[in-house]
Amino acid sequence: MKLYVIVPLWALLALTQQAPSDDKCACELTNSEKAFPHDKLSGVKENVSKCNSNVTPQKTMELESLLLGLDRRLPQLLEDVSLLEREDDGELYGVISLQVIENEMREIQQLMERLNSTTLQHQRLTAATAEQLEDLSAEMQDLETYDTSQVMKTQQANQRLKRDLDQCQNGQPAPPPTHPPGNCPHGQFVNITEPRVHTAGEFPGTYKYGAWGRDPKPEAGKESWHWLVMLTVGEKFSNYVRLYSSLSSLIVGVSKPGNIQISPSNPTTNTIQGPNVVIYGEALYYNCYNQDAVCRFNLTSKTVTTVQLPKGTRFNSKGNFCHLDKCYLFTDLDLATDESGVWVIYTTDQDFGNLVLSKVEEGEPLRLGQTWHTSVYKQGVTNTFMACGVLYATRYVDKLTEEIFFSFDTTTGEQKFNLGIFIKKMSPNIQALNYSPVDQMLHAYCDAFMVSYKVLFEEMY
Ligand SMILES: *[C@@H]1O[C@H](CO)[C@@H](O)[C@H](O)[C@H]1NC(C)=O
Ligand SMILES: *[C@@H]1O[C@H](CO)[C@@H](O)[C@H](O)[C@H]1NC(C)=O
Ligand SMILES: *[C@@H]1O[C@H](CO)[C@@H](O)[C@H](O)[C@H]1NC(C)=O
Ligand SMILES: *[C@@H]1O[C@H](CO)[C@@H](O)[C@H](O)[C@H]1NC(C)=O
């Protein structure tokens, strides 16, 4: 007897399954369409454009992310299916391989359902313009070039070589290669893009305070994992990290590994206090509950180690980020990652409330490295992040705009107070900001939304 199970995957695959006879299970997998369905994707895009009069920028951004997720998943699925076909010994396919593919298809289906419901929502919306969609279309192209940005780098390197060669031919010695302060491999931080990802994630609107991002130093095989920490007790505490195997899983809210719990009760010793946490090298760095100390929770061994901050460090909501007369509670310690590892940003009594920055040395035992003292008052700052050894601080401008106004270069000690780089916000408050040195994205957690921006660097010669 033959039982046909057709998976509604844009007729991409027809999976034929034969009922088990005796102890054998034979499956026949027919790939009805080999190539990645770019035409289908552009069909969807076309259809999306048709509803352009009903689309808001937020919603289209979510669509973009979903499409991007699909764009990445489908080729992977096809590859796995052809691998399975190659494994075929004539009548028996590996059960494990089949499960992997079933999982992939389930995730793709979830993506598509989400895409479908997002599209349906669009049809009900009213507002926005065709212009916005054109922008997004350009952004989509931009996104598609992500993976090939190596090409750009090589071109730049070639140009540099060519110029040096020209100078050589003209009898001038080539200038020694100069690196911007902090030895930044990308050049100098000049601007950030409009939001690239904007999503309510798995628990829309439920947790107003939190942080999300990507481990810059993941274990092999976990390179595309993303993490999410939501404060589950008011704006104060949390006791777990939630992991997603990819950006699109985070967007559609499918958490494969699920929660990694620090402690079953909350709050208690080692509870996460405040939203400004980061993950680096498979460990979560955060402000420990009721302490002027940095905690490191090892996600593998599930153990916590701590390092004490200097005497006089303000904690328990006494050294917060603020704007106007509103402060963000329990933001005494801001953990950050960049190309060189983990940092902690805080303030002390002896610094009169100005920002202080210390390198966190991730080894065993956990300890503080060098410390720098800035002249910017923490209460005039809404958040901070690090990129290439430079500390950046933001301030609130209005509901739609936040400004990256301040920088402190740890290599030169130089401070700048008027950077004038503007962040386009999708909601009024930023609870956490952190920079991912892997892909140069700036991750923001804003009033229960997850938003990210691409940091733009410029090579300086
Ligand atoms: C686009 O919409 C048309 C009609 O509205 C439909 O026939 C077509 O299948 C859609 N294309 C895709 C790829 O969804
Ligand atoms: C999209 O959603 C509508 C309404 O829920 C449903 O009727 C339709 O079958 C869905 N389409 C797909 C491709 O899942
Ligand atoms: C920075 O980027 C924003 C958003 O893409 C853009 O509107 C703005 O003009 C840029 N600013 C500079 C100085 O390039
Ligand atoms: C976490 O624990 C594992 C297993 O004990 C260990 O191999 C790893 O080095 C630890 N990571 C950190 C960052 O301490």
Side-chain angles (χ1 to χ4, degrees), residues 156 160 175-193 216 276 278 280 294 309-310 312-314 319 321-323 331-361 368-397 401-423 430 432-437 440-444 453-461:
Q156 281 168 356
R160 228 173 302 146
T178 52
H179 288 288
N183 222 353
C184 189
H186 329 290
Q188 192 166 315
F189 188 143
V190 288
N191 202 356
I192 63 166
T193 62
N276 285 293
V278 287
Y280 187 88
V294 172
L309 288 170
T313 294
R314 295 180 178 172
F321 290 127
C322 304
H323 75 82
T331 54
D332 304 271
L333 266 58
D334 185 1
L335 280 300
T337 48
D338 76 350
E339 285 72 5
S340 56
V342 182
W343 303 78
V344 57
I345 298 114
Y346 55 103
T347 185
T348 71
D349 290 339
Q350 56 274 25
D351 287 279
F352 308 106
N354 287 343
L355 281 186
V356 181
L357 167 70
S358 298
K359 184 79 187 57
V360 177
E361 304 298 346
L368 281 195
Q370 200 178 339
T371 291
W372 292 264
H373 304 266
T374 77
S375 345
V376 70
Y377 191 47
K378 192 170 174 192
Q379 287 194 12
V381 165
T382 48
N383 221 292
T384 60
F385 63 94
M386 294 292 300
C388 280
V390 178
L391 169 72
Y392 294 91
T394 58
R395 66 182 166 208
Y396 185 95
V397 177
T401 318
E402 203 91 351
E403 181 190 357
I404 302 171
F405 76 102
F406 174 81
S407 69
F408 180 94
D409 190 322
T410 56
T411 311
T412 61
E414 188 191 3
Q415 311 192 62
K416 290 182 187 161
F417 287 86
N418 252 320
L419 290 187
I421 298 169
F422 296 95
I423 301 178
I430 295 179
L433 266 184
N434 79 72
Y435 165 76
S436 160
Q440 290 88 51
M441 296 298 282
L442 187 61
H443 295 105
Y453 306 84
K454 175 97 177 166
V455 174
L456 303 173
F457 292 93
E458 203 168 87
E459 297 244 18
M460 302 279 164
Y461 298 110

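For the single chain, residues carry numbers from 1 onward in sequence order. Just so it is clear, the model here is predicted, and its values are computed rather than measured. These values consider heavy atoms only, across backbone and side chains, with no hydrogens, waters or symmetry-generated copies.
- Between the side chain of Gln440 and the main chain of Val455, no donor-acceptor pair closer than 3.5 Å is present.
- With values rounded to the nearest 0.5 angstrom, Thr371 atom OG1 is found 7.5 Å from Leu357 atom CG.
- Enclosure of atom CZ in Phe417 by more than 12 non-hydrogen atoms of other residues, nucleotides or ligands within 6.0 angstrom is indicated.
- Between Lys378 and Gly319, the shortest heavy-atom contact is NZ-O, 2.7 Å.
- Taking CD1 from Ile404 and CG from Leu442, the interatomic distance works out to 6.0 Å, rounded to the nearest 0.5 Å.
- In this structure, Glu402 contributes its side chain and Thr394 its backbone to no donor-acceptor pair below 3.5 Å.
- Of the options Asp334, Asn434, Thr331, a side-chain hydrogen bond (donor to acceptor under 3.5 Å, both in side chains) to Thr384 is made by Asp334 and by none of the others.
- Judged by distance alone, with hydrogens and angles left aside, the side-chain atoms of Lys359 form a donor-acceptor pair with the main-chain N or O of Val342 at under 3.5 Å.
- In this pair, His323 and Tyr396 present their aromatic rings parallel. The plane angle is below 30°, not in the 30 to 60° band.
- Using a distance-only test at 3.5 Å, with no hydrogens or angles considered, a donor-acceptor pair links the side chain of Asp338 to the main chain of Gly389.
- Contact between Ser358 and Tyr346 at its shortest, heavy atoms only, is OG-OH, 2.8 Å.
- Under the 4.5 Å side-chain criterion, counting only non-hydrogen atoms from C-beta, Phe408 is not in contact with Leu355.
- At a threshold of 4.5 Å between non-hydrogen side-chain atoms, the residues Leu335 and Asn276 do not count as touching.
- The two atoms that bring Met386 and Ala336 nearest to each other are CG-CB, 3.7 Å, heavy atoms only.
- Interatomic distance, NZ of Lys416 versus OG of Ser407, reported as 5.5 Å (0.5 Å rounding).
- The side-chain heavy atoms of Trp343 and Leu391, taken from C-beta on, include no pair separated by under 4.5 Å.
- Of the candidates Asp332, Leu433, Asn383, Thr347, Asn383 is the only one forming a side-chain contact (heavy atoms from CB on, under 4.5 Å) with Phe321.
- Counting heavy atoms from C-beta on, the side chains of Val278 and Pro216 never come closer than 4.5 Å.
- The structure places CG of Leu333 at 5.0 Å from CG of Leu309, a figure rounded to the nearest 0.5 Å.
- Side chain of Glu403 to main chain of Gly420: a donor-acceptor pair is present (N/O by atom type, distance under 3.5 Å, no hydrogens or angles).
- His186 and Phe457 have tilted rings, their planes meeting at an angle from 30° to 60° on a 0 to 90° scale.
- For the atom pair CD1 of Ile345 and OH of Tyr392, the computed distance is 12.5 Å after rounding to the nearest 0.5 Å.
- For the pair Gly380 and Arg395, the tightest heavy-atom approach, listed with the atom from each and the gap, is O-CB, 3.8 Å.
- Shortest non-hydrogen contact noted between Tyr435 and Pro437 is O-CD, 3.4 Å.
- Note: Gln415 CD to Thr374 OG1 = 5.5 Å, rounded to the nearest 0.5 Å.
- Scanning both residues, Ala387 and Phe189, for their nearest heavy atoms gives CB-CD1, 4.4 Å.
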